[in-house]
Enquirer: 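I have a structure I would like to understand better, so I am pasting it below and will then ask my questions one at a time.
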Amino acid sequence: MKFFVDTADVPAIAELNDLGMVDGVTTNPSLIKKSGRDILEVTKEICDLVAGPVSAEVIATEADAMIAEGRKLADIAENIAVKLPLTWDGLKACKVLSDEGKMVNVTLCFSANQALLAAKAGATFISPFIGRLDDINLDGMELIEDIRTIYDNYAFETEILAASIRSVNHVLDSARIGADVITAPPEVIKKLASHPLTDKGLATFLEDAKAAGIKIV
Ligand code: E4P
């Protein structure tokens with residue numbers, strides 16, 4: 001399973017990247033706003049840092065304008081994935097940009113039928129938003145399962161990028177189902193390392209090491 005980091009915070013990406021935890025990055029206009037940076041400048045910086053796909057989202061809503069923005073974003077670096085919303089115009093833009101050989105991440109997916117359309121339009125990634133479905137009392141993981149089944153039934157190559165991940169359990173469930181990629185905030189990725197028994201066991205080992213006068217270097 002690939003790990004993408006869902007942020008435009010360059011130092012946070014760099015910290016995880018140094019550990020080999022970053023297979024790609026996803027951003028969106030809200031994350032760019034949070035970074036306080038210029039979209040083209042911060043995206044270029046992220047692309048220089050990370051080898052894998054870096055999703056940068058268009059803000060136009062009409063297909064021709066989305067295509068123009070997508071081409072401009074794709075010019076930033078070879079590892080840009082143009083992020084397009086799952087609207088009819090977004091699907092039109094997806095087809096055109098995919099046919100040009102650009103990576104496309106179709107975002108804001110909330111149904112399996114939407115995911116089916118994105119795959120047919122040639123999307124490289126489909127981003128179903130788990131957390132936002134959970135927020136309205138729907139089952140985000142059920143959507144991931146449905147898309148996995150449908151894509152496998154027809155051997156679609158579009159990768160399932162489980163997005164809007166809010167907890168470590170979202171990561172675990174996505175891995176169990178077989179999502180190709182998860183994108184999560186840096187804090188969630190770091191939390192994957194935590195376990196109370198690890199902390200407790202380490203505390204005991206350190207106490208015993210001290211009592212025994214163990215020194216290694
Ligand atoms: C994905 O690409 C989106 O940027 C992101 O996962 C949205 O997450 P949120 O619902 O927590 O804003």
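Whatever order the structure lists ligands and atoms in, that order sets their numbers, starting from 1. Residues: numbered from 1 along the sequence shown. Keep in mind the model is a prediction, meaning the values are calculated, not measured.
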Enquirer: Purely on distance, is any nitrogen or oxygen of Ser164 under 3.5 Å from one on ligand 1?
Expert: yes
Enquirer: Pick one: which of Asp6, Asp135, Asp173, Asp134 meets salt bridge (charged side-chain N to carboxylate O under 4.0 Å, His left out) with Arg166?
Expert: Asp135
Enquirer: CG of Leu206: more than 12 outside heavy atoms within 6.0 angstrom?
Expert: yes
Enquirer: Would Lys83 count as being in polar contact with ligand 1, using the rule that some N or O on each side must be under 3.5 angstrom apart?
Expert: yes
Enquirer: Do Thr26 and Ser55 get their side chains close enough for a donor-acceptor pair, meaning under 3.5 Å?
Expert: no
Enquirer: How far is atom 12 (O) of ligand 1 from the closest protein heavy atom, and which atom is that?
Expert: Arg132 NH2, 2.8 Å
Enquirer: With respect to atom 6 (O) of ligand 1, which of Leu161, Asn28, Asp6 exhibits the smallest heavy-atom separation?
Expert: Asp6
Enquirer: Identify, for atom 7 (C) of ligand 1, the protein heavy atom at the shortest distance, and state residue, atom and that distance.
Expert: Phe129 CE2, 3.6 Å
Enquirer: Side chain of Ser127, backbone of Ala163: donor and acceptor closer than 3.5 Å?
Expert: no
Enquirer: Given salt bridge (Lys or Arg N to Asp or Glu O under 4.0 Å), test Asp48 with Lys44 step by step and report yes or no.
Expert: CA-CA 6 Å; Asp48 288 345; Lys44 170 90 178 86; 2.9 Å; yes
Enquirer: How far is atom 11 (O) of ligand 1 from the closest protein heavy atom, and which atom is that?
Expert: Arg166 NE, 3.1 Å
Enquirer: When only distance counts, is Thr183 in polar contact with ligand 1, meaning an N/O pair under 3.5 Å?
Expert: no
Enquirer: Would you check the N or O atoms of Thr107, main chain and side chain alike, for any that come under 3.5 Å of an N or O of ligand 1?
Expert: no
Enquirer: Decide whether Leu161 and Ile189 are clustered together by the hydrophobic rule: side chain heavy atoms of Ile, Leu, Val, Met, Phe, Trp, Tyr closer than 4.5 Å, transitively.
Expert: no
